[in-house]
Number of protein chains: 2
Amino acid sequence: MKKDINIKEVAKKAGVSIATVSRVFNNSGTVKESTRKKIEAVIEETGYYPNVLARELAEKKTHLIGLIVHSMIGEGIPRMINGVNEMLEDNDYNLLIACTNGILESEIKHFEIFRSKRVEGILFATREFKEEHRDLIQKIPIPVVVLLQRTDKEGISFVTFDNYTFAKEATEKLIGLGHRNFAFIGGPATSVNSRERQLGFRDGLKENGIELDTNLSRNGDFTIESGYQQMEEILAIEKEITAVIAVNDGMAIGALNCIQDHDIAVPNDISVLGLDDTVLAKASRLKLSGVHYSYSKLGKQGAGLLLKQIESDEALFEEVVLPYEIHLRESVNKR
Amino acid sequence: MKKDINIKEVAKKAGVSIATVSRVFNNSGTVKESTRKKIEAVIEETGYYPNVLARELAEKKTHLIGLIVHSMIGEGIPRMINGVNEMLEDNDYNLLIACTNGILESEIKHFEIFRSKRVEGILFATREFKEEHRDLIQKIPIPVVVLLQRTDKEGISFVTFDNYTFAKEATEKLIGLGHRNFAFIGGPATSVNSRERQLGFRDGLKENGIELDTNLSRNGDFTIESGYQQMEEILAIEKEITAVIAVNDGMAIGALNCIQDHDIAVPNDISVLGLDDTVLAKASRLKLSGVHYSYSKLGKQGAGLLLKQIESDEALFEEVVLPYEIHLRESVNKR
DNA sequence: TTGTAAGCGTTATCAG
DNA sequence: CTGATAACGCTTACAA
């Protein structure tokens with residue numbers, strides 16, 4: 001453990017001015033080879049590290065991006081962070097992270113902290129994009145890109161998945177296979193992503209002239225257990241259904257287990273599909289069908305968009321909706 | 001979007017000196033109520049935010065912690081980050097994150113970046129703690145705490161799980177249930193955590209006078225598929241085994257599926273246990289047995305330890321090994 | 001209670 | 001090619 005040394009001391013030891021040392025460190029300006037060597041020797045010897053804080057203050061650039069997420073738990077967000085990280089790494093930015101548990105005050109607080117830390121841009125993921133968020137972002141003089149959520153065209157950029165469309169398309173795919181009697185297991189009513197998927201599901205049915213008993217469209221809490229329980233209740237109401245769609249893999253797996261525990265065959269009697277594609281889909285013996293989309297790409301693109309905004313002078317506004325793939329596997333059958 | 005304003009302009013607008021503005025913002029020194037009000041009004045009106053960079057430069061404190069991890073993927077590390085985050089949040093520190101994919105050069109690079117960014121401490125998680133890491137950490141004049149790995153008592157603090165002991169104890173638990181014929185599915189040879197667990201397993205057998213065909217102790221790559229494949233090979237070698245232990249849940253699930261696909265009964269013919277306890281353990285219809293330990297607590301304690309080191313003047317050295325619980329569920333049976 | 005001025009460790013401009 | 005020196009925006013003695 002040795003104390004940090006500063007540019008002044010290096011300059012003194014090398015018998016030059018601090019300006020010259022700075023030039024050597026940044027390869028800027030011109031320095032005679034012999035003095036460069038001398039200075040480099042001193043740097044080596046002292047283990048000198050420039051104080052980036054001071055540099056950033058002088059340059060008014062921090063090379064810092066702030067990421068605010070509502071949760072770290074689950075497969076998606078960590079992958080998204082990974083994508084963000086990759087993009088930032090390639091562009092020599094560093095990543096400041098805050099996790100808010102979806103609490104509005106905490107979100108606001110971190111916007112302010114990040115702003116005062118002079119981050120050059122903010123990536124923001126929340127469970128539900130509210131008016132308060134819009135106001136906040138529009139007041140802040142630094143670029144913001146919203147992840148995993150639409151911002152309703154208020155001039156705030158976002159990158160997200162098209163929940164509505166893939167849910168609808170997946171539903172129609174099952175209809176195409178001959179299914180007519182559906183049940184749906186959604187997430188909590190507060191989840192925008194879940195609501196969008198549910199809407200896609202309903203419109204998919206409606207446009208194909210299929211009616212849905214609203215009792216068969218239910219809300220769980222994303223866990224395996226709640227999928228099991230909701231399925232239990234669905235079976236109590238109506239045994240004639242031939243397809244169950246769950247908003248995520250966990251609940252789909254729960255439903256699958258429940259169905260099998262009732263000695264009902266999957267997929268012969270009931271097909272199961274999750275609007276998701278996590279490691280869980282691969283865990284069950286009977287491979288679960290689902291919709292695949294890349295969180296890592298989302299993170300990467302979101303970060304890319306943000307960097308573009310930082311570099312550009314005018315405020316640009318872009319909305320990106322990422323593609324998906326529907327994978328029908330063993331858990332789904334033709335009727 | 002409005003431009004950032006600085007303390008000087010606020011002072012001018014309020015007709016006071018910058019020192020007074022600074023006092024108001026930091027509640028330091030004494031300010032007359034009337035001038036405080038006046039200044040607060042100007043702050044409100046201008047939306048002034050202090051430039052934390054400048055403050056940090058003056059104070060020589062950044063309130064920044066760096067976290068270097070080898071990966072974001074999987075259930076453990078995100079939970080650990082969550083724990084770190086909680087502790088830092090409570091103490092008004094911010095979190096800078098870097099993900100290295102376990103590449104040594106990247107690890108070194110981020111130690112340097114973090115150091116030049118003047119983080120006050122570093123949390124470090126890597127797949128294998130090497131001599132290079134030790135050298136690096138001992139040269140750096142800021143506190144470091146290693147996570148998820150021992151540092152071999154070199155005066156470098158760490159907090160980790162006791163892989164060896166829980167693997168051994170889990171093995172002995174199965175022996176206590178009457179099992180004598182074991183197979184083991186480990187991770188890649190490069191994973192220290194996997195090696196430690198494997199050692200615990202072997203010693204558990206050895207101390208109980210049970211011999212192990214080394215062909216039955218295998219290496220996968222942590223995925224469900226590789227668990228399946230290794231189990232396939234185990235069954236080809238020896239059908240008489242009564243218990244399989246896998247180093248993680250994923251491979252345990254793979255093994256479980258493989259066994260069932262061979263129409264061998266779990267747990268009646270073969271018991272299965274994973275040295276892990278992720279969401280996967282709850283996904284299979286037949287609840288998987290495993291060892292539970294809290295990544296979130298590990299993160300929290302690691303961060304706590306680091307903060308303690310930052311506050312203390314002398315370099316303290318502490319090693320923390322966290323507790324675990326062995327959960328025997330449906331996948332394990334008495335012989 | 002308030003203001004002046006000296007840092008904090010850099011970068012960058014401008015002479016020399 | 002190199003050295004003074006003025007920023008950068010803030011904190012904090014020290015004076016008044």
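Order of the sequence lines sets the chain letters (A, B, ...), proteins ahead of strands, with each chain counted from 1.
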[X] [atom1] to [N] [atom2]: how many Å, rounded?
X	N	atom1	atom2	result
A:Asn26	C:dG9	CG	C1'	13 Å
B:Lys12	C:dG3	NZ	P	15 Å
B:Glu33	C:dT2	CD	P	10 Å
A:Lys61	D:dG9	NZ	C1'	19 Å
A:Leu57	D:dA7	CG	C1'	9 Å
B:Arg23	C:dT2	CZ	C1'	6 Å
A:Glu56	D:dC10	CD	C1'	15 Å
A:Glu59	C:dC8	CD	P	21 Å

So if I take every side-chain heavy atom of [X] and compare against [options], which nucleotide ends up nearest?
X	options	answer
B:Ser22	D:dG9, D:dT12, C:dT10	D:dT12
B:Ala58	D:dT11, C:dT2, C:dT10	D:dT11
A:Ala19	C:dT11, C:dA12, D:dC1	C:dA12
A:Lys32	C:dT1, C:dT11, D:dC1	D:dC1
B:Thr30	C:dT1, C:dT11, D:dG3	C:dT1
A:Asn51	C:dT2, D:dT11, C:dG9	C:dG9
B:Ile18	C:dA5, C:dT11, D:dA4	C:dA5

Would you please confirm or rule out a distance under 4.0 Å between OP1 or OP2 of C:dG9 and any side-chain N or O of B:Lys60?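 Yes.
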So, does B:Thr20 get its side chain near the phosphate of C:dG3, meaning an N or O under 4.0 Å from OP1 or OP2?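 Indeed, a polar side-chain atom of B:Thr20 lies that close.
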For B:Phe25 and B:Tyr48, take the angle between the two ring planes, folded into 0 to 90°, and tell me which bin it lands in: parallel under 30, tilted 30 to 60, perpendicular over 60.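 Taking B:Tyr48 first and then B:Phe25, their aromatic rings stand perpendicular (interplane angle over 60°).
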Taking any heavy-atom pair under 4.0 Å as a contact, classify [X]: base, sugar-phosphate, or nothing.
X	value
B:Phe25	nothing
A:Tyr48	sugar-phosphate
A:Val16	sugar-phosphate

Other residues, nucleotides and ligands only: do more than 12 of their heavy atoms fall within 6.0 Å of NZ on B:Lys13?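 Counting other residues, nucleotides and ligands, NZ of B:Lys13 stays at 12 neighbours or fewer.
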N-O pairing of [X] and [Y] below 4.0 Å:
X	Y	answer
A:Arg118	A:Glu56	no
B:Asp90	B:Lys300	no
B:Arg36	B:Glu40	yes
B:Glu33	B:Lys37	yes

Residue closer to the 5' end of DNA chain C, B:Val31 versus B:Arg118 (nearest nucleotide):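 First, find each residue's nearest nucleotide; the 5'-ward one identifies B:Val31.
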Measure the angle between the two terminal helix axes of the helix from C:dT1-D:dA16 to C:dG16-D:dC1, five base pairs each, and quote it to 10°.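 Comparing the axis at each end, I get an angle of 40°.
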So that I know where these two stand, are B:Phe158 and B:Phe129 an aromatic pair - ring centroids less than 6.0 Å apart?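 B:Phe158 vs B:Phe129: aromatic centres not under 6.0 Å.
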Residues A:Tyr295, A:Glu75; criterion side chain to side chain donor-acceptor pair (under 3.5 Å); working and verdict: CA-CA 9 Å; A:Tyr295 277 90; A:Glu75 216 179 293; over 6 Å; no
